[in-house]
Amino acid sequence: MIKIERTPCPTFLSIEKAKELTNKFRETGTSVWKNKELKNALLEMSNYKCAYCETRLEIKDSYMEVEHFHPKSLYPSEVLCWNNLLPSCKKCNVNKRDHDPIKEPIINPCEDEPKKHLCVEAARLYPRLHSDIGKSTIDTLDLNDNTRLVTPRFELCNSVKDELEELHYNNVIDRAFRNKFKGLLSACSADTPFSAFTSNTLHNDHYYSEIKEKLKSNNLWNDELDELDKVTKKIALDPR
């Protein structure tokens, strides 16, 4: 899980329109949130990933669901409140169900900094500094599901380590080397699946700092790499 910046409310979801559709939901129970424009806006906000588990989402796939952080069954007046909506995979949406985050807080990735509550070890999430919110988030959403999450996280992180090792033992430090390193950084950025884990692997591997020094000593480190270095470090969860 990484911090998501809440984008402006879509223009079609005006105050009047939201009120109209909210009343329709309260009167008829109609799924007023099932709107292509709304889904598109949410997907773009999260880089086409589930806001909770970071799996890839596609609008054409029914696997993407509009998640109500404050559940619509308990807070119907917020059914189309933009600040209450998140893009979610079906699994996370089902796991959360009618969990009330007001009574038992969990991380809202648009409002809270996940790094304050979560840390990582061996492709698994743990509460950071015994954070109650971190533990509740992990347990409520089942964020350590072995088959669905832990195994693919591990495989991606292992690929990062493989690429770092290959670069480390490559003695030809040229533009091609720099481009490959840039590709690795990009593959751990916020728009990729499980970036909180891959970026953690990247920045906590001693080969990474050695490769940076090689590029700098050969005058191949540039502003683009510097920016990628900063953004991946920003989203990386701390090791346990």
query = Does K96 make a cation-pi contact with F69 (under 6.0 Å, within 45 degrees of the axis)?
reply = yes
ask   = Do the ring planes of W33 and H68 sit parallel (below 30°), tilted (30 to 60°) or perpendicular (above 60°)?
value = perpendicular
query = Between V172 and F177, what is the shortest heavy-atom contact and its length?
reply = O-CB, 3.5 Å
inquiry  = Determine whether a donor-acceptor pair (N or O, by modelled atom type, separation under 3.5 Å) exists between the side chain of N93 and the backbone of C89.
reply    = no
message = Checking the side chain of N218 only, and the main-chain atoms of K214 only, is there a donor and an acceptor separated by less than 3.5 Å?
response = yes
ask   = Using 4.0 Å as the upper bound for N to carboxylate O, is an ion pair formed by R178 and D174?
value = no
query = Does the pair E65/K90 count as a salt bridge with the N-to-O cut at 4.0 Å?
reply = yes
A190 versus K49, closest heavy-atom pair with distance = O-NZ, 2.7 Å
query = What residues, two or more places apart in sequence or in another chain, satisfy ring-ring contact (aromatic ring centres under 6.0 Å, His included) together with Y52?
reply = none
key: Any donor-acceptor N/O pair, D112 side chain to N108 backbone, under 3.5 Å   = yes
task = Could you tell me whether F154 and F194 have their ring centroids closer than 6.0 angstrom?
result = no
Give every donor-acceptor pair under 3.5 Å between a side-chain atom in residues 12-25 and any protein atom, sequence neighbours left out.
| residue | atom | partner | partner atom | Å |
| --- | --- | --- | --- | --- |
| S14 | OG | K17 | N | 3.1 |
| T22 | OG1 | A18 | O | 2.6 |
| N23 | ND2 | K19 | O | 3.3 |

query = Do you know the tightest heavy-atom contact between R6 and N84?
reply = NH2-N, 4.3 Å
query = Under 3.5 Å, is there a donor-acceptor pair between the side chain of T137 and the main chain of I107?
reply = yes
